[in-house]
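Nothing fancy with the numbering, it's 1 onward along the sequence.
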Amino acid sequence: MGMCVCGGAMLQCTFGAAPMPLTVLPDKKVVNNMPIATIDCNKPGINIPPFGVCAATGVGAPCSMAFTAPWVPGSPTVLVGGQPALNQNSKLICALGGVVSVIMPGCTNIEVP
């Protein structure tokens, strides 16, 4: 079990220079005034801002996220709007080689598998 990920969660990319907050659009289910994230909260510029300078390029270029798949794994039993909910152990893989992790889930009182 892990903690549920909500809007405002802090994310870090293994090649990114700085942690950034997750934005969850308000059309998601809301618990304790916080929208709950799902595996489809992976849109660059909408859900996830750039992580500053990207070390994957080797030349100090700005982060240009390239996500080709949703977050994995999603919760096998908790669905939000028909999509699996995220927990703090979910990862997002960038095509440039980075792995995005949740470093602070944004919710501290909701557990999901």
Side-chain angles (χ1 to χ4, degrees):
M1 285 264 199
M3 298 309 292
C4 181
V5 176
C6 296
M10 292 303 291
L11 310 175
Q12 179 68 59
C13 178
T14 54
F15 287 137
M20 298 304 289
L22 175 68
T23 299
V24 179
L25 300 179
D27 64 338
K28 301 293 182 192
K29 184 172 178 160
V30 177
V31 174
N32 296 338
N33 294 322
M34 299 295 296
I36 297 175
T38 64
I39 61 169
D40 67 344
C41 292
N42 65 338
K43 314 302 183 283
I46 295 172
N47 303 115
I48 304 170
F51 292 97
V53 175
C54 178
T57 62
V59 295
C63 173
S64 58
M65 301 167 283
F67 306 124
T68 58
W71 287 86
V72 291
S75 170
T77 58
V78 178
L79 300 179
V80 178
Q83 294 288 325
L86 290 188
N87 74 35
Q88 69 192 54
N89 301 316
S90 299
K91 307 285 185 209
L92 185 60
I93 309 301
C94 179
L96 300 175
V99 178
V100 178
S101 299
V102 177
I103 58 174
M104 186 187 78
C107 297
T108 58
N109 59 348
I110 305 168
E111 288 189 34
V112 294

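- Between the SG atom in Cys4 and the CD1 atom in Ile36 there is a gap of 4.5 Å [rounded to 0.5 Å].
- When every heavy atom of Gly45 is checked against every heavy atom of Met65, the shortest pair comes out as N-CE, 4.1 Å.
- The cluster map of Ile, Leu, Val, Met, Phe, Trp and Tyr, joined by side-chain heavy atoms under 4.5 Å apart, puts Leu11 and Phe67 in the same cluster.
- Atom CD in Gln12 sits 8.5 Å away from atom OG in Ser101 (nearest 0.5 Å).
- Side-chain atoms of Ser90 and Ile39, non-hydrogen and from C-beta on, never get closer than 4.5 Å to each other.
- Side chains of Pro84 and Leu79 form a contact here, defined as non-hydrogen atoms less than 4.5 Å apart.
- Annotation: the span from Met104 atom CE to Leu22 atom CG amounts to 10.5 Å, rounded to 0.5 Å.
- Nearest heavy atom pair, residue Pro49 against residue Pro21, reads CD-O, 3.2 Å.
- Hydrophobic clustering keeps Phe15 apart from Trp71 (ILVMFWY residues linked when any side-chain heavy atoms are closer than 4.5 Å, directly or through intermediates).
- A donor-acceptor pair is defined here as one N or O able to donate and one able to accept, closer than 3.5 Å; no such pair exists between the side chain of Gln88 and the backbone of Pro105.
- For the pair Leu25 and Pro35, the tightest heavy-atom approach, listed with the atom from each and the gap, is O-CB, 4.0 Å.
- Side chain of Asn47 to backbone of Thr23: a donor-acceptor contact under 3.5 angstrom is found.
- Contact annotation: the side chain of Leu86 never approaches that of Val102 to less than 4.5 Å [non-hydrogen atoms, C-beta and beyond].
- In terms of modelled atom types and a separation under 3.5 Å, the side chain of Asn42 and the main chain of Ala69 share a donor-acceptor contact.
- Looking at Pro44, Cys63, Cys13 one by one, the single match for side-chain contact (heavy atoms from CB on, under 4.5 Å) with Pro50 turns out to be Cys63.
- Note: Met3 CE to Cys107 SG = 7.5 Å, rounded to the nearest 0.5 Å.
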